[in-house]
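Position 1 is the first residue of the sequence, and the numbers go up from there. Start at 1 and go down the list; that is how both ligands and their atoms are numbered.
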Amino acid sequence: MDTKKRILTGDRTTGKLHLGHYVGSLQSRVELQDEYDEFILLADVQALTTHFAEPSLINSSIYDVAMDNLSVGLDPEKVTIVQQSQVSSIAELTIFYSMLVTVNQLRHNPTIKTEAKNYGYADLTYGFLGYPVSQTADITFCNADLVPVGEDQVPHIELARKIVRKFNELYGTSIVEPQVKLSKVGRLSGLDGNAKMGKSMGNAIYLSDSPQAVWERVRNAVTDPARITVKIPGHPEICNVYKYHCVFNQGEVSNIGEMCKNAAIGCVACKKLLNGALNALLDPIREKRHYYEEHRNEVRDLIISGTAKANAVGNANLQDIKEKMHVII
Ligand code: TRP
Ligand code: SF4
């Protein structure tokens with residue numbers, strides 16, 4: 001019998017994944033895939049909460065997000081890739097859970113607030129406001145124990161735990177209360193100095209970017225403004241390039257910091273080192289992605305079989321839940 005604990009995590013299918021996703025969650029997915037039974041969710045319903053008017057973007061992103069996950073080194077023999085909209089138990093659980101969450105609880109969710117502001121929503125749709133409830137169903141339809149995510153997702157996991165506790169108490173079910181697993185690296189800021197890397201910010205380095213595109217971002221990075229010439233000592237602690245060295249070039253970072261402070265390296269040379277480190281990470285990812293792009297049908301089959309497995313697990317759990325809720329006559 002499989003006694004491994006289960007992980008569920010996922011991504012909205014609103015575009016390709018970038019380095020922020022990599023450090024926030026993808027990296028831990030790869031590290032944990034042997035120890036845990038991993039479910040990777042292609043969150044196309046959650047994508048609709050913000051991109052309901054762009055169905056073709058969502059459709060192509062289902063493939064892109066699956067390929068990004070496979071390209072970073074998730075082994076299709078080990079992990080289960082699941083398309084959210086095709087798992088009916090998620091939708092059904094969302095409705096049951098929605099009775100146990102108040103509108104004010106959702107309104108005060110800090111991640112909802114930030115996202116609503118970033119999207120410029122004056123008024124929130126029912127679907128957008130309620131997506132943390134749907135995310136609770138994502139996590140619990142398969143009784144996931146652990147959810148590896150970035151900091152911004154913590155309020156959602158906390159809500160999920162509250163809902164599960166209340167639900168179990170009310171109906172005598174034994175749905176697993178999930179735990180968050182935070183990434184070691186905090187939020188990755190943009191090289192342009194923006195606090196967030198993202199598509200809407202126009203500063204993202206995508207996992208599928210060409211070496212030229214990566215160099216464009218690195219070359220244009222904002223560094224310590226005091227360093228007008230190479231001879232002026234720098235302050236690495238305020239430099240965006242240095243922050244990236246800390247994350248992606250751990251072997252050389254202390255040396256680079258010293259050289260910057262002693263005016264022993266110029267910003268262009270420093271950016272070239274970062275570019276090298278990024279490409280060392282991205283080259284094998286590009287290679288795998290190339291394979292999957294050439295074998296799109298293989299990706300499709302993986303999504304379909306993973307989703308079938310998820311449905312089997314979800315339907316069995318839902319049947320038990322419905323019995324305990326006394327909705328079966
Ligand atoms: N909200 C997550 C994000 O924006 C994506 C997501 C959807 C998710 N369902 C999930 C993450 C379930 C973890 C678990 O990145
Ligand atoms: Fe930043 Fe490197 Fe320039 Fe120092 S040398 S300011 S760390 S880019």
Which of the ligand 1 atoms, numbered from 1, are nearer than 4.0 Å to a heavy atom of [X]:
X	answer
Ala43	7 (C)
Thr9	13 (C), 14 (C)
Leu8	12 (C), 14 (C)
Val147	13 (C), 14 (C)

In terms of the angle between their ring planes, are Phe248 and Tyr244 parallel, tilted or perpendicular, with boundaries placed at 30° and 60°?
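Phe248 vs Tyr244 ring planes: tilted.
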So Arg6 and Asp37, salt bridge (Lys or Arg N to Asp or Glu O under 4.0 Å) or not? Walk me through it.
CA-CA 5 Å; Arg6 182 162 286 160; Asp37 177 22; 2.8 Å; yes
Between Arg12, Gln135, Glu115, His21, flag the one that comes closest to atom 10 (C) of ligand 1 by a heavy atom.
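Comparing heavy atoms across Arg12, Gln135, Glu115, His21, the nearest one to atom 10 (C) of ligand 1 lies in Gln135.
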So is there a nitrogen or oxygen of [X] less than 3.5 Å from a nitrogen or oxygen in ligand 1?
X	answer
Asp138	yes
His156	no
Tyr131	no

Less than 4.0 angstrom from a charged side-chain N to a carboxylate O is my criterion; do [X] and [Y] meet it?
X	Y	value
Asp301	Arg296	no
Glu92	Lys322	yes
Glu38	Lys78	no
Asp152	Lys196	no
Glu31	Lys184	yes
Arg161	Glu158	no
Glu169	Lys166	no
Arg286	Asp283	yes

So if I count the atoms of ligand 2 from 1 in the order they appear, which ones are less than 4.0 Å from some heavy atom of [X]?
X	value
Thr223	8 (S)
Arg227	3 (Fe), 4 (Fe), 5 (S), 6 (S)
Tyr242	7 (S)
Asp224	6 (S)
Cys270	2 (Fe), 5 (S), 7 (S), 8 (S)
Val241	8 (S)

Is the distance from atom 4 (Fe) of ligand 2 to some N, O or S atom of Cys260 under 2.8 Å?
yes
Is it the side chain, the backbone, both or neither of Ile139 that has a heavy atom closer than 4.0 Å to ligand 1?
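The side chain, only.
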Verify ring pair (Phe, Tyr, Trp, His ring centres under 6.0 Å) between Tyr291 and His295, making sure each step is shown before the conclusion.
CA-CA 6 Å; Tyr291 171 85; His295 297 82; 4.0 Å; yes
So which protein heavy atom does [atom] come closest to, and at what separation?
atom	result
atom 2 (C) of ligand 1	Gln153 OE1, 3.3 Å
atom 1 (N) of ligand 1	Gln46 OE1, 2.7 Å
atom 5 (C) of ligand 1	Gly10 O, 3.5 Å
atom 3 (Fe) of ligand 2	Cys267 SG, 2.4 Å

Assess the side chains of Ser25 and Arg29: does a donor N or O sit below 3.5 Å from an acceptor N or O?
yes
Metal proximity, Cys239 vs atom 3 (Fe) of ligand 2, N/O/S cut-off 2.8 Å
no
Does NZ or CZ of Arg12 come closer than 6.0 Å to the centre of the six-membered ring of Tyr131, within 45° of the ring's axis?
yes
